[in-house]
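Reckoned from all heavy atoms, side chains included, excluding hydrogens, waters and symmetry mates. Remember, it's 1-based here, ligands and their atoms both numbered in the order they're listed.
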Amino acid sequence: MGLQSVFRAVIMGAPGSGKGTVSSRIAQSFGLKHLSSGDMLRANIEAKTDLGLLMKSCIDQGQLVPDDVISRLILSSLRGLEKTSWLLDGFPRTVAQAEALDCVYDVDSVINLDVPFQTIRERLTSRWVHLPSGRVYNIDFNPPKKPGLDDVTGEPLVQRDDDSPETVSRRLKDYERQTQPVLEYYRSKGVLETFSGTETNKIWPHVHTFLSRKIPGHKQAMGKA
Ligand code: AMP
């Protein structure tokens, strides 16, 4: 990292890998500015910007937005943050995006959360809802009193399309196909750091220890995991 005092990181992880939780813990513990490409795009849709309007259908269909569009959006948000340490979340998703970022900034570390797909599948498919009321149950943390039935009305519970085993499997396969080359790209640059595990709370202390060593002036944060 040389003499610079800023730290630039990327976080990678499949949907359901705990990336959101780990990102906010990193931002909080180490004071990194958290920039999420998905949040930025959703903010553009909300604000009905030209870009938001153009990209809405892409995003609604779960397709990636074009590399040049997202790269421009992210790089322009990073402008003015030359002296700020940041954590990019959701970007880069392709090698072309990683190369676009590389033209402007050296990334110090890429944190890769490696959670077995079977664990993610179990996590994401354990949500059941009672549609008329919107009551949500979770088989692991908050199960209904009688399996498959709403506690109040006794009516059947259903899974959201997004949480169905078929959709979850497709999302995981898409993630793997799209991001494997990006992981390889960063591995070959020597900045990829993979953290494997099945529970966010067990992965987090390792991420914390790693970043405590990497981030200048953050030795005092050690032990606070
Ligand atoms: P996310 O919240 O990260 O899952 O992003 C939501 C949606 O925004 C994705 O399904 C894509 O349509 C789009 N998106 C977010 N980040 C990117 C990216 N780096 N490249 C292309 N599309 C993206």
Show your reasoning for whether ring-ring contact (aromatic ring centres under 6.0 Å, His included) applies to Phe30 and His208. CA-CA 9 Å; Phe30 297 99; His208 188 276; 5.0 Å; yes
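The closest donor-acceptor contact from the side chain of Thr49 to the backbone of Ile45 lies at 3.5 Å or more, if one exists at all. Between the side chain of Ser17 and the backbone N or O of Ala14, at least one donor-acceptor pair lies under 3.5 Å.
Between Phe210 and Phe195, the ring center distance clears the sub-6.0 Å criterion.
In terms of N/O distances under 3.5 Å, ligand 1 is not approached by Pro92.
Protein heavy atom closest to atom 7 (C) of ligand 1, with residue, atom name and distance, is Ile59 CG2, 3.9 Å. For atom 12 (O) of ligand 1, the closest heavy atom belonging to the protein is Gln63 O, 2.5 Å. In this structure, atom 22 (N) of ligand 1 lies nearest to the protein heavy atom Val65 N, 3.0 Å. Closest protein heavy atom to atom 9 (C) of ligand 1: Arg93 NH2, 3.7 Å.
Asp102 is listed as a side-chain neighbour of Lys189, based on a closest heavy-atom distance under 4.5 Å.
Set against the non-hydrogen atoms of Ile70, the atoms of ligand 1 under 4.0 Å away are 18 (C), 19 (N), 20 (N). For ligand 1, the atoms sitting less than 4.0 Å from at least one non-hydrogen atom of Ser37 are 15 (C), 16 (N), 17 (C), numbered in the order shown with element in parentheses. Atoms of ligand 1 found under 4.0 Å from any heavy atom of Gly90 (numbered from 1 in listed order, with element): 16 (N), 17 (C), 18 (C), 19 (N).
Contacts between Leu41 and ligand 1 below 4.0 angstrom, taking non-hydrogen atoms only, involve the side chain exclusively. Of the heavy atoms in Gln97, only side-chain atoms (C-beta onward) come closer than 4.0 Å to ligand 1. Looking at Leu64 against ligand 1, both its backbone and its side chain come within 4.0 Å, counting heavy atoms.
At least one heavy atom of Arg42 sits under 4.0 Å from some atom of ligand 1.
Heavy-atom minimum distance, Val6 versus Asp108: O-OD2, 3.8 Å.
By the 6.0 Å contact criterion, CZ on Arg79 is open, its count of non-hydrogen atoms from other residues, nucleotides or ligands being 12 or less.
The distance from the CG atom of Leu32 to the OG1 atom of Thr84 is 10.0 Å, given to the nearest 0.5 Å.
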